[in-house]
Visitor: 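Take this structure first; my questions come after.
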Amino acid sequence: MHIPDGFLNTATVVTTGVVSAGGIANAVRIANKKLGERHIPMMGILAAFIFAAQMLNFPVAGGTSGHVIGAALVAILLGPWAAVIIMSVVLIAQSLIFQDGGLLALGANIFNMGVVAGFGAYYIYRLMGTLLGDSNRSRLVSGFVAAWSSVLLASIACAIELAVSGTSPLSVVLPAMAGVHALIGIGEGLITVAVVSVVMSTRADLLKLQRI
Amino acid sequence: MKHSFLDQYSDRDSIIHRLDPRGKLVVTTAFIAAVVMTPFGSWLAYGLYFIVIAALIALSRLPVSHFIKRSLVIIPFVLLVAAFVPFFKEGEVAGSYNLWLWNISVTHSGLQVLYNIMIKAWLSILCLILLTSTTSFNNILKGLEQLKMPKVIVMIMSFMYRYIFLLTDEVLRMKQARDSRNFGGGRKLWQIGTVGSMIGTLFIRSYERGERVYASMVARGFDGHARTLGQLQFSRRDALFIAVLGTVLVSISLINLVY
């Protein structure tokens with residue numbers, strides 16, 4: 001889902017760039033206010049954690065493998081603004097170090113995998129939590145649904161950006177992207193559930209951190 | 001630690017290596033912007049951009065194989081996104097397929113767009129490889145900070161860079177432990193549960209490490225600001241570099257307009 005350079009037109013690059021820059025600025029402001037200077041080393045190490053977690057591939061059918069994106073996980077554990085900061089930092093580093101995702105496409109990639117995925121996952125998790133009540137089982141179910149939807153929502157945003165840029169008609173790219181990612185999202189959901197259940201059984205207090 | 005893959009070759013020496021990171025960041029962004037905004041089908045402009053990047057690669061005195069290897073790693077991911085491109089509705093049909101519910105067709109104009117996009121993506125990728133292979137990540141971060149990227153983000157990125165190596169080691173150890181307990185029985189989808197608990201453990205370890213690091217930083221007087229020695233030097237050579245590359249990029253787009 002990392003959009004490379006050359007796929008988006010100037011209008012999309014500028015719009016998503018401005019929105020993402022605003023999102024990051026606001027996330028930094030909120031983190032500074034609520035967590036103080038404590039958040040700096042923590043966000044850095046957790047960004048390195050997402051980076052390392054993405055190295056853990058799991059086999060999918062046909063010899064391919066997938067890995068977790070992580071936005072939903074961070075949003076569930078630390079809140080949506082933390083997800084925006086951490087995913088932005090990870091995406092900037094991936095673009096610069098691995099050329100995974102373009103430099104000018106960073107705005108779009110941060111918007112899809114940070115803002116859309118992070119906020120989508122967080123609010124779906126919250127909504128499911130109120131619907132299902134406060135139990136460990138409901139946390140796991142909401143975690144799965146939130147993680148699955150975060151991948152789907154991000155892929156829909158990505159499809160719309162590609163279509164608006166004129167690279168592919170929406171009628172082709174939207175069902176294709178959403179269809180593929182509805183499957184990929186299952187992996188993301190299962191992993192997120194497994195992570196949440198490990199955290200629940202070893203350090204349950206981490207599930208009740210102050211979220212930003 | 002055995003992962004020099006992050007900014008490999010950035011510790012070498014050449015004219016390009018010695019340039020100020022700010023200049024390189026500005027030129028990289030300008031180059032990619034120029035490539036991205038080139039109208040479709042401007043083959044002459046693509047050729048000229050390629051000559052520019054090839055000349056810079058030659059000046060950097062890095063092995064060409066490094067650039068080829070790195071691009072070959074990333075091109076499949078580009079193709080993954082590009083797979084949807086050639087299915088334009090208009091234009092002469094090059095091939096038509098029935099896929100379950102859809103009847104999709106590949107058109108010549110769609111394929112043209114695909115070639116153009118792939119070339120643009122590849123030129124941009126080469127430029128980014130050149131940037132990271134000639135500039136250490138710390139210097140890139142210093143450059144970004146001076147170019148007014150928010151200080152907090154730069155600090156978070158420098159922490160991330162510092163701990164990537166440690167956590168990567170941690171992941172490799174966990175992988176080794178898993179594989180040694182899982183002789184011959186792997187490659188099944190239910191490994192997903194194992195991966196999940198590994199990531200969970202990794203999260204707890206990372207979080208606790210974060211707490212410890214913060215506590216020891218506060219004990220040493222951390223107040224939210226990082227003070228570093230080693231200032232960047234923006235010399236006349238860097239100004240010249242920006243001026244020359246700027247002129248080249250502008251002339252290429254002008255040439256492209258005329259032809």
Side-chain angles (χ1 to χ4, degrees), chain A residues 2-7 10 13 24-25 28 32 36-38 40-49 51-53 55-56 58-60 68 77 85 88-90 92-93 95-100 102-104 162 167-169 172-173 176-177 187 190-191 193-195 197-199 202-203 206, chain B residues 6-7 28-29 32-33 35-37 70 74 77-78 81 84-85 87-89 104 113 117 120-121 124-125 128-129 132 140 150 152-153 155-157 159-160 163-164 167-168 170-171 187-189 191-193 195-204 206-207 209-210 213-214 217 222-224:
Chain A
H2 291 62
I3 305 176
D5 280 321
F7 282 68
T10 315
V13 165
I24 296 173
V28 167
N32 272 335
E37 82 279 358
R38 182 163 74 91
I40 293 170
M42 190 55 91
M43 297 282 175
I45 291 173
L46 291 178
F49 153 72
F51 214 97
M55 292 181 62
L56 283 168
F58 52 86
V60 187
V68 74
L77 294 167
I85 296 182
S88 308
V89 167
V90 169
I92 293 171
S95 170
L96 287 175
I97 299 174
F98 298 118
Q99 294 78 47
D100 195 8
L103 186 68
L104 294 186
L162 289 174
T167 38
S168 191
V172 171
V173 73
M177 274 294 228
L190 290 176
I191 287 194
V193 167
V195 173
S197 79
V198 168
V199 174
T202 45
R203 269 202 70 178
L206 292 190
Chain B
L6 285 178
D7 42 8
T28 303
T29 316
I32 295 178
V35 169
V36 168
M37 288 192 293
R70 271 287 171 96
I74 199 63
F77 293 96
V78 178
V81 182
F84 309 117
V85 170
F87 304 109
F88 263 103
K89 282 230 172 77
I104 54 176
V113 174
I117 284 180
K120 286 182 175 190
S124 314
I125 286 168
L128 277 177
I129 299 177
T132 34
I140 291 184
V152 178
I153 294 288
M155 273 168 73
I156 293 175
M157 285 186 74
F159 271 103
M160 177 188 73
Y163 287 98
I164 278 175
L167 295 189
T168 307
E170 190 113 34
V171 163
R187 301 288 138 212
K188 293 276 161 29
L189 194 59
Q191 266 192 22
I192 217 167
V195 171
S197 18
M198 285 161 78
I199 295 179
T201 313
L202 189 67
F203 172 75
I204 292 172
S206 311
Y207 190 87
R209 190 188 293 277
V213 168
Y214 173 66
M217 283 168 66
F222 178 64
D223 59 356

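This one's a predicted model, so the numbers in the text were calculated from it and none came from an experiment. The chains referred to below are lettered A, B, ... by the order of the sequence lines, with proteins before strands, and numbering in each begins at 1.
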Visitor: Apply side-chain contact (heavy atoms from CB on, under 4.5 Å) to A/Val193 and list each qualifying residue two or more places apart in sequence or on a separate chain.
Guide: A/Leu140, A/Phe144
Visitor: What distance separates B/Thr132 OG1 from A/Gln99 CD, expressed to the nearest 0.5 Å?
Guide: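 Here the rounded value is 4.5 Å.
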Visitor: Quick one: of A/Asn32, A/Ile85, A/Asp100, A/Val13, who has the most non-hydrogen atom pairs under 4.5 Å with chain B?
Guide: A/Asp100
Visitor: Show the numbers, then the answer: is there a side chain to side chain contact (heavy atoms under 4.5 Å, CB included) between B/Val152 and A/Met43?
Guide: CA-CA 10 Å; B/Val152 178; A/Met43 297 282 175; over 6 Å; no
Visitor: So which part of B/Ile74 gets closer than 4.5 Å to some heavy atom of chain A, the side chain, the backbone, both or neither?
Guide: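 Only the side chain of B/Ile74 comes within 4.5 Å of chain A.
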Visitor: By a 4.5 Å heavy-atom criterion (distance strictly below it), what part of B/Val213 contacts chain A: side chain, backbone, both, or neither?
Guide: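 Side chain only.
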Visitor: Highest number of heavy-atom pairs under 4.5 Å with chain B: which of A/Leu162, A/Leu96, A/Val199, A/Val28?
Guide: A/Leu96
Visitor: Examine whether an atom of A/Ser95 lies under 4.5 Å from a heavy atom of chain B, and if so say whether it belongs to the side chain, the backbone or both; otherwise answer neither.
Guide: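 Interface part for A/Ser95: both.
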Visitor: Among all residues two or more places apart in sequence or in another chain, which pass the side chain to side chain donor-acceptor pair (under 3.5 Å) test with B/Tyr207?
Guide: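 Once residues adjacent in sequence are excluded, B/Tyr207 has no partner under the side chain to side chain donor-acceptor pair (under 3.5 Å) criterion.
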Visitor: When heavy-atom pairs shorter than 4.5 Å are enumerated against chain B, which of A/Gly102, A/Ala194, A/Ala93, A/Ser88 gives the highest number?
Guide: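 That would be A/Ala194.
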Visitor: Can you tell me which of B/Thr201, B/Ile204, B/Thr29 forms the most heavy-atom pairs within a distance under 4.5 Å of chain A?
Guide: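 The residue among B/Thr201, B/Ile204, B/Thr29 with the greatest pair count is B/Ile204.
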Visitor: Would you say CZ of B/Phe77 has more than 12 non-hydrogen atoms from neighbouring residues, nucleotides or ligands within 6.0 angstrom?
Guide: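 Open.
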Visitor: Below 4.5 Å, heavy-atom pairs only: which of A/Ala25, A/Ala52, A/Gly44 has the largest tally toward chain B?
Guide: A/Gly44
Visitor: Just say parallel, tilted or perpendicular for the rings of B/Tyr214 and B/Phe222, cut-offs at 30° and 60°.
Guide: perpendicular
Visitor: Applying side chain to side chain contact (heavy atoms under 4.5 Å, CB included) to A/Ile40 and B/Phe159, what does each step give before you reach the verdict?
Guide: CA-CA 8 Å; A/Ile40 293 170; B/Phe159 271 103; 3.9 Å; yes
Visitor: Which one wins on heavy-atom pair count under 4.5 Å against chain A: B/Thr28, B/Ile199, B/Val171, B/Val35?
Guide: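 The option with the most such pairs is B/Ile199.
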